[in-house]
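Chain A is the first sequence line, chain B the second, and so forth, proteins listed ahead of strands; every chain is numbered from 1.
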2 protein chains.
Amino acid sequence: MAETKATIYTVARAVGVSAQTVSRVLNGTGQVSEKTRAAVLAAIEAQGYRPNAVGRSLRASRTPMVGVLVADIGNPFYARLHRAIERRLSGSGYSLMLMNCDDDARIERRQLELLRSYRPTGLVIVPSVGSSLSAADLPAFGHVVSVSRVLEGLPVPAVVTDERESVGAAAKELISYGHTEIALIAGPQKASTTRAREEGFRAALARHTGLRGIVRHTDGTRAGAEAAAAELLSTRPGPTATGPSATSPSATSPAATGHTTTGPTAMIGFNALVTEGIVSAIMAAGLRCPEDVSVIGFTDAGWMTLHRPPISVIDQPVEEMGALAGRLLLDLAAGESVAPGPRVVPSTLVRRGSVASPAAHGVTPSAQVAAPAAKEEGS
Amino acid sequence: MAETKATIYTVARAVGVSAQTVSRVLNGTGQVSEKTRAAVLAAIEAQGYRPNAVGRSLRASRTPMVGVLVADIGNPFYARLHRAIERRLSGSGYSLMLMNCDDDARIERRQLELLRSYRPTGLVIVPSVGSSLSAADLPAFGHVVSVSRVLEGLPVPAVVTDERESVGAAAKELISYGHTEIALIAGPQKASTTRAREEGFRAALARHTGLRGIVRHTDGTRAGAEAAAAELLSTRPGPTATGPSATSPSATSPAATGHTTTGPTAMIGFNALVTEGIVSAIMAAGLRCPEDVSVIGFTDAGWMTLHRPPISVIDQPVEEMGALAGRLLLDLAAGESVAPGPRVVPSTLVRRGSVASPAAHGVTPSAQVAAPAAKEEGS
DNA sequence: CTGAAAGCGCTTACAG
DNA sequence: CTGAAAGCGCTTACAG
């Protein structure tokens, strides 16, 4: 009951043993007679003693804590990632310290310094663009694993998805529907994910002639994506006759850039927030999806099956990625050797209803456009 | 450069001063001559010395760490809340330890014990249903502030929104449109938020006669809400004639419960996930919103303005709530006296397009139903 | 303006 | 099976 300040010593004194014996009972190390053990347990209970992790960490020169640093916890992708890592690490005795950096290398640095001061066991990081993490830094964070993005040039295990292939598959899908002008609304130019997805996108388009690929870099937010998409759509003919506040569909506006183009008829969204921005921009322009503009998102979100049409996406295996990152960290902490470099967890193209042939423009009246049934999802 | 193991002593030795002098330079406490100061700084730089937070915390018997314990970080509401708290606390030197408890009191207890072992400065908690937190526990967590939900009977400051009033306003809105059978798809029965919202709901209905209020408790997830909503809608007449796979609209199915009812014509969703579930159930039943079922959500989400119709919501001021909770904690940590009890941050009813008169059933052909313009939002 | 000593709570060798 | 001693890295009084 003496809540005054129970320590390993107060417990030891009460039982008439040494502090090390209490420590042994606490940690299950060494040999302790059953009788002593029971007495110690009773005293712990009586005093309401709780071990102090700080004393323990100081002695061990290591804190059983793993930092999780992401670009934006407001993005559901990162929230799910955190949850998956937490789930994998729960029960292992590690505390998770979640940190946000707004994709800003300076904030990332500040957060890393804070983490480092605890002498953590490990760090799972989605490096910010232009990440400040250097090879010299690495030991300070114990074991380091990167997720989603890679740390170019650093000897760190990484968990990623097949960016090139899956964005390539999305582009291929759109091409197969007859789209000739396709836009990728991408993330920050310097992010490894952006570069990889852009490569996959361009490679897929390069397999054919007469195609035009447009890439717009954004900050990855809904607002940023909406602005980029709106600008691209401004070269499109006005709203279709059936839309609200319709303008003459025959009056093709001249391309702002001087290209002989009527603007993209299909868009790929970099993440769920960007996809929101694209859908919003399409609506704001008075255009319809998929009749006027086809959309494929990257990373699934709950609203996408609710939307009409349901949004087709490249479903990124967030949970698996987080779980694998957690496991790699656990392996490293257990002293196992883990080779640096990327582990690829494949994404899946989920066809729903947001892709149609551009020829369907003004043809399909209102309801669902049939998609080649391959993986139908949701209700 | 000697990355071997820089401590306050190695720095002191290099400069030829005592450890305390280094400590003084580090903390800006006491008086240090400019010359000594510069020399210490130079040695710190040269050795790549970083203070060890563990040693500091052990001496201070307090760790500059604030725990943030929420029910489910996968729910965007909590992710936003965490972000708001983090933003408010950033720059204060406190680390945030985010913890999840899946709304399970046992997991909550385990997480709390882990946090407690660090001797944290504070805790911002969304108590789980049946929270294990007791008055005797409180001191172990330093300063405690609850958010969203309250800790009944504990002397803790809380930040909440005006549950009763805002749900009451939503119910009133639906009543004014002529709905006589309204359902509240609520959260866990024992959560303080559920109880308060339920009270507000029932009070609003009690002001009139001939109304029927239905409350369904769920686990607050999309799946749970969808099941509850689907069950309620199963007593509704089948899909309208214009819907897909239509059944005869005149064939009213008998009420499963024996009530002479055709099921609710309006639903209020407990949180954004529940609202997703409701919308999904309406679609799955082949019904339309708002023609067949009106919907008002609680807590805004990005997809709601994108949806057709855009979903009307009680917009909960998440950012303000998180910021206020953060501020209260900072005040407490600064030694200011903060009275226990709730602080109420009001929510706002945002009218979009998911509410219509039940009389509109089968009348309004397809497009938007005009809502009384009061607060139009989004694009 | 600066330093010698003690101690925060624990665990790690080292002895018995 | 158990204990005395030392030390993890830092800061707090207390002296000068």
>> side-chain contact (heavy atoms from CB on, under 4.5 Å) for Asp72(A) and Phe77(A)? Distances and angles first, verdict last.
In response: CA-CA 9 Å; Asp72(A) 172 19; Phe77(A) 171 77; over 6 Å; no
> Looking at residues at least two apart in the chain, or sitting in another chain, which of them share a side-chain contact (heavy atoms from CB on, under 4.5 Å) with Ser33(A)?
Replying inline: Lys35(A), Thr36(A)
>> Does Thr29(B) reach a base, just sugar-phosphate, or nothing at all? Heavy atoms under 4.0 Å.
In response: nothing
> Checking all strands, does Ser57(A) fall into the base, sugar-phosphate, or nothing category for heavy-atom contacts under 4.0 angstrom?
Replying inline: nothing
>> Any residue in residues 13-24 of chain B with a heavy atom nearer than 4.0 angstrom to DNA chain C? Just list them by number, or reply none.
In response: Gly16(B), Val17(B), Ser18(B), Gln20(B), Thr21(B), Arg24(B)
>> Does Arg106(B), at its CZ atom, have more than 12 non-hydrogen atoms belonging to other residues, nucleotides or ligands within less than 6.0 Å?
In response: no
> Would you say Arg87(A) and Asn100(B) make side-chain contact, with heavy atoms under 4.5 Å?
Replying inline: no
> Can you give the first and last nucleotides of DNA chain D, 5' to 3', that have an atom under 4.0 Å from a heavy atom of chain B?
Replying inline: dG9(D) to dT12(D)
> Under 3.5 Å, side chain of Asp137(A) to main-chain N/O of Leu133(A), donor-acceptor pair present?
Replying inline: no
Give the table of side-chain donor-acceptor pairs shorter than 3.5 Å for residues 139-157 of chain B, with sequence neighbours excluded, one pair per line with atom names and distance.
unit_1	atom_1	unit_2	atom_2	d
Ser146(B)	OG	Arg149(B)	O	2.9
Arg149(B)	NH1	Asp103(B)	OD1	3.0
Arg149(B)	NH1	Pro127(B)	O	2.8
Arg149(B)	NH2	Asp103(B)	OD2	2.9
Glu152(B)	OE1	Arg195(B)	NH2	2.6

> Glu34(B) or Arg59(B): which one's nearest nucleotide on DNA chain C is closer to the 5' end?
Replying inline: Glu34(B)
>> Per the side-chain hydrogen bond (donor to acceptor under 3.5 Å, both in side chains) rule, what does the pair list look like for residues 321-337 of chain B, sequence neighbours excluded?
In response: Arg327(B)-Asp331(B)
> For the atom pair CG (Leu89(A)) and OG1 (Thr121(A)), what is the distance rounded to the nearest 0.5 Å?
Replying inline: 9.5 Å
> Passes side-chain contact (heavy atoms from CB on, under 4.5 Å), Thr29(B) versus Gln20(B)? Steps please.
Replying inline: CA-CA 10 Å; Thr29(B) 55; Gln20(B) 303 73 272; over 6 Å; no
> Starting at the 5' end of DNA chain C, what dot-bracket string do you get if Watson-Crick and G-U pairs under 3.5 Å are bracketed, crossing pairs use [ ], other-strand pairs use | and unpaired bases use dots?
Replying inline: |||.||||||||.|||
>> Quick one, Glu113(B) with Arg110(B), criterion salt bridge (charged side-chain N to carboxylate O under 4.0 Å, His left out). Give me CA distance, side-chain angles, the key distance, then yes/no.
In response: CA-CA 5 Å; Glu113(B) 290 300 332; Arg110(B) 200 188 314 147; over 6 Å; no
